[in-house]
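Structure first, then comments.
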Protein chains: 2
Amino acid sequence: MRSGSVRETSAPRYLQIAEDLAEQIQKGVLPPGEKIPSESELMDRYGVAPGTARKAVAELRATGLIETHHGKGSFVKSRPPVNRKSSDRFRRSHRKAGKAAYLAEAEQAGAKPSVRVLYVGPTEAPADIADRLSVAPGTQVLARRRLYFSDGVPTEEATSYLPWDVAKDIPELFAENPGGGGIYARLEDHGHILAEFSETVRARLATKPEAVSLSLSPGAPVIHLTRNAYSEAGRVVEVCDTLMAADQFILDYRIPAGD
Amino acid sequence: MRSGSVRETSAPRYLQIAEDLAEQIQKGVLPPGEKIPSESELMDRYGVAPGTARKAVAELRATGLIETHHGKGSFVKSRPPVNRKSSDRFRRSHRKAGKAAYLAEAEQAGAKPSVRVLYVGPTEAPADIADRLSVAPGTQVLARRRLYFSDGVPTEEATSYLPWDVAKDIPELFAENPGGGGIYARLEDHGHILAEFSETVRARLATKPEAVSLSLSPGAPVIHLTRNAYSEAGRVVEVCDTLMAADQFILDYRIPAGD
DNA sequence: TAGTGGTCTAGACCACCGG
DNA sequence: CGGTGGTCTAGACCACTAA
């Protein structure tokens with residue numbers, strides 16, 4: 001039984017409730033980090049059934065305004081400063097200055113960056129990686145998998161792959177911290193002068209395991225970035241796959257207009 | 001009452017059903033365009049309540065495997081060939097050859113492209129646009145809003161803004177079709193030689209109105225691309241906002257490794 | 001008019017979290 | 001342990017579509 005409303009075909013009740021809560025978040029009545037009313041409280045307050053209150057909360061979660069934790073409640077998301085990924089980050093002068101790109105960028109955004117190395121060592125190249133490195137699938141390559149944090153929150157997972165014959169002579173690449181300027185600086189130290197990078201950008205929804213490792217709500221959007229590093233000899237000396245929480249990043253690119 | 005299952009804490013029933021259907025789609029048992037079983041049929045077939053069948057369908061919709069049409073049913077999405085957006089598309093030689101970037105790219109992907117002009121004319125610049133054009137908010141600018149189709153399916157909505165003093169002397173910019181090489185060629189015809197473009201890429205979920213205009217399921221991911229065109233004089237002579245269905249595009253960029 | 005999905009009710013039980 | 005969200009049931013009525 002629907003209660004008599006002014007407009008019979010108005011917006012669904014669950015959207016009205018979501019809208020109401022969204023407004024309170026926007027106005028700061030519910031500040032970031034604050035717990036929003038529980039589902040049973042929403043039932044009482046708006047006089048709706050469990051399923052309806054539930055759907056209102058789901059709507060807010062889908063739009064990224066809140067995150068919910070089983071057994072604890074739903075909380076207003078803090079809007080962290082976005083990290084800008086600039087194409088400038090690959091300039092040789094930056095590498096020479098010993099800057100680590102992710103560090104400088106995160107600090108510029110006013111966040112405390114940190115890294116956790118998940119794995120460094122030999123791996124059999126998956127098909128897509130092998131293709132980009134121009135080696136046979138299953139060939140042994142060096143993999144470096146890292147998880148990046150911004151203010152303690154995981155935001156980005158990156159895996160670099162290097163051909164074994166390139167990596168084997170560069171001991172720093174097997175260390176957790178490859179030293180100032182990162183692995184690109186080490187490659188150039190050992191004669192692999194870099195000429196160009198190519199990047200591809202895709203956006204999609206996170207899979208279940210991805211959502212877990214980046215601690216996202218399932219169904220949150222992610223940016224999937226792939227990068228190939230070309231040496232002056234024209235060889236791909238490194239490829240990198242990066243998965244980012246989409247709401248944390250803006251990617252910047254500069255494109256010359258020339259011929 | 002849960003029926004006795006082998007594993008008590010197994011995956012939720014609605015995910016099992018979704019997985020089952022996803023497998024049939026993957027294997028081609030349910031080919032693109034095919035109608036999937038209705039919710040009531042799923043209830044019978046799997047012996048679940050309406051809400052559970054419903055949630056299974058919602059899961060498939062969220063992962064982009066199907067699209068649902070009220071009153072008709074849910075249908076397996078055809079995976080159209082992705083459109084690659086390459087940074088090469090802005091080369092002057094392409095403009096001189098009279099190529100329109102979107103046309104060449106879509107055709108290369110094996111799709112029939114088309115365009116609908118939604119609006120061409122004066123507009124008061126919104127705050128963000130005005131900022132990028134270095135004019136005061138509310139200043140009159142020329143807006144060109146287009147909707148792009150691939151095989152008749154809307155995939156991309158783009159709006160260009162040009163400062164009035166730049167646009168007013170170029171009559172082609174007020175026409176629906178600005179001629180070979182697009183508006184960038186016309187700008188260069190009239191002395192605004194282009195030096196560089198800068199692009200920013202964001203990914204997020206579509207809002208309700210955006211989902212409507214691109215005919216996406218609500219909650220589908222979109223790529224929001226902004227581009228500034230710089231003349232050799234260092235002035236921003238055009239800015240462009242583009243909204244793309246994320247599953248339709250891969251963006252390509254090349255980045256020099258130099259200083 | 002029959003069939004479809006969209007919204008909603010009013011309960012139930014389970015799993016996780018904190019004190 | 002009580003409170004929270006996660007899953008599920010078994011119905012109801014509405015809105016849209018096609019025959």
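Side chains included, hydrogens not; waters and symmetry mates left out as well; all remaining heavy atoms used. A, B, ... follow the sequence lines: proteins, then strands. Residue 1 opens every chain.
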Parallel, tilted or perpendicular, judged at 30° and 60°: which one describes the rings of B/Tyr253 and A/Tyr253? parallel
Expressed as a whole number of angstroms, how long is the span from A/Tyr46:OH to C/dC8:C1'? 17 Å
Would you give the length of the straight line joining atom OG1 of A/Thr200 to atom CG of A/Leu225, rounded to the nearest 0.5 angstrom? 6.5 Å
Gap between atoms CD and C1', on A/Gln16 and C/dT7 respectively (whole Å): 12 Å
Just do the salt bridge (charged side-chain N to carboxylate O under 4.0 Å, His left out) check on A/Glu67 and A/Lys77 with the steps written out, would you? CA-CA 6 Å; A/Glu67 53 187 356; A/Lys77 262 205 215 174; 5.4 Å; no
Distance, rounded to the nearest Å, where A/Arg13 contributes CZ and D/dA15 contributes P: 17 Å
Would you tell me if any nitrogen or oxygen in the side chain of A/Thr52 comes within less than 4.0 Å of OP1 or OP2 on C/dT7? no
Nearest-angstrom distance from the residue atom CG of A/Leu42 to C1' of C/dA10: 17 Å
Would B/Arg132 and B/Asp241 count as a salt bridge (charged side-chain N to carboxylate O under 4.0 Å, His left out) if you check the C-alpha gap in whole Å, the side-chain angles of each, and the deciding distance to 0.1 Å? CA-CA 11 Å; B/Arg132 285 156 62 193; B/Asp241 261 43; 2.7 Å; yes
In terms of side-chain heavy atoms of B/Ala49, which of C/dT9, D/dC8, D/dT9 is nearest? D/dT9
What is the distance, to the nearest angstrom, from the CZ atom on B/Phe75 to the C1' atom on D/dA18? 11 Å
Length of the CE-P vector between A/Met43 and C/dC8, whole Å: 14 Å
Atom pairs under 3.5 Å: protein N/O with N/O of nucleotides 1-5 of chain D:
| residue | atom | partner | partner atom | Å |
| --- | --- | --- | --- | --- |
| D/dG3 | N2 | A/Gly71 | O | 2.9 |
| D/dG5 | OP2 | A/Glu39 | N | 2.8 |
| D/dG5 | N2 | A/His70 | NE2 | 3.3 |
| D/dG5 | N3 | A/His70 | NE2 | 3.3 |

Salt bridge (charged side-chain N to carboxylate O under 4.0 Å, His left out) for A/Glu156 and A/Lys85? Distances and angles first, verdict last. CA-CA 12 Å; A/Glu156 179 183 352; A/Lys85 289 264 176 198; 3.1 Å; yes
Provide, to the nearest angstrom, the distance between the CD1 atom belonging to A/Ile17 and the P atom belonging to C/dT7. 13 Å
Of the non-hydrogen atoms in B/Thr159 and B/Arg145, which two are nearest, and what is the gap between them? OG1-CZ, 3.4 Å
Do the side-chain N or O atoms of A/Tyr14 get closer than 4.0 angstrom to the phosphate oxygens (OP1, OP2) of C/dC8? no
Any idea which of D/dA10, C/dT9, C/dT7 is nearest the A/Lys55 side chain? C/dT7
I'd like to know if the side chain of A/Ser160 pairs up with that of A/Arg227 as donor and acceptor (distance under 3.5 Å, no hydrogens or angles considered). no
